[in-house]
Amino acid sequence: MRLKDLSPGELEGFPHLCPDFIAELRSKGDTLGELKAKIREWMVNGFRLGWLIDADEEVVYVYHQQAETIHQGFETPLSGEPVLPGFTLVL
């Protein structure tokens with residue numbers, strides 16, 4: 001569900017929305033399995049693009065709705081397409 005689809009009454013409460021884009025940064029206390037499970041929950045709820053960034057391993061897992069997960073090294077810039085047109089991130 002998107003913000004534009006909510007009624008005025010729904011906007012007054014706590015709407016259950018899913019962002020189009022999420023970025024998770026793995027910290028020392030996180031396991032990769034826990035974070036991947038969290039990303040899968042976001043996928044079920046409809047996000048369109050997600051980045052799971054593992055700085056220790058210098059790997060990024062890129063998630064797109066209805067597409068296979070890609071993992072890439074820090075040497076490849078991240079693309080925000082199609083959710084963030086024109087946006088790239090160099091790690």
Original post:
Between Ile22 and Ile39, does a side-chain contact (heavy atoms from CB on, under 4.5 Å) hold up when you go through it step by step?
Top reply: CA-CA 9 Å; Ile22 62 165; Ile39 296 282; 3.6 Å; yes
Would you give me the side-chain donor-acceptor pairs under 3.5 Å for residues 77-86, sequence neighbours excluded?
residue	atom	partner	partner atom	Å
Ser79	OG	Glu81	N	3.1
Glu81	OE2	Gly86	N	2.7

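- Contacts of Arg26 classified as side-chain hydrogen bond (donor to acceptor under 3.5 Å, both in side chains), with partners at least two apart in sequence or in another chain: Asp54.
- In plain terms, the two heavy atoms of Gln72 and Thr76 that are nearest each other are NE2-O, 3.2 Å.
- Within the structure, side chain to side chain donor-acceptor pair (under 3.5 Å) contacts touching residues 29-40 (residues at least two apart or in different chains) are Glu24-Lys38, Ser27-Asp30, Thr31-Glu34.
- Take Thr69 and apply the side chain to side chain contact (heavy atoms under 4.5 Å, CB included) test, not counting sequence neighbours, and it matches Tyr61, Tyr63.
- Judged as a ring-ring contact (aromatic ring centres under 6.0 Å, His included), the pairs with a partner in residues 29-51 (not counting sequence neighbours) are, in order, Phe21-Trp51.
- At a threshold of 4.5 Å between side-chain heavy atoms, the hydrophobic network of Ile, Leu, Val, Met, Phe, Trp and Tyr places Leu35 and Val59 in one connected group.
- Screening residues 56-80 for salt bridge (charged side-chain N to carboxylate O under 4.0 Å, His left out), with sequence neighbours left out, gives Lys28-Asp56.
- Interatomic distance, Leu6 CG to Glu12 CD, rounded to the nearest 0.5 Å: 12.0 Å.
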**OP:** Check the pair Val62, Leu49 against side-chain contact (heavy atoms from CB on, under 4.5 Å), reporting the backbone distance first and the verdict last.
**Re:** CA-CA 7 Å; Val62 180; Leu49 173 64; 4.1 Å; yes
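- By the 4.5 Å heavy-atom criterion applied to side chains, Leu32 and Leu52 are counted as neighbours.
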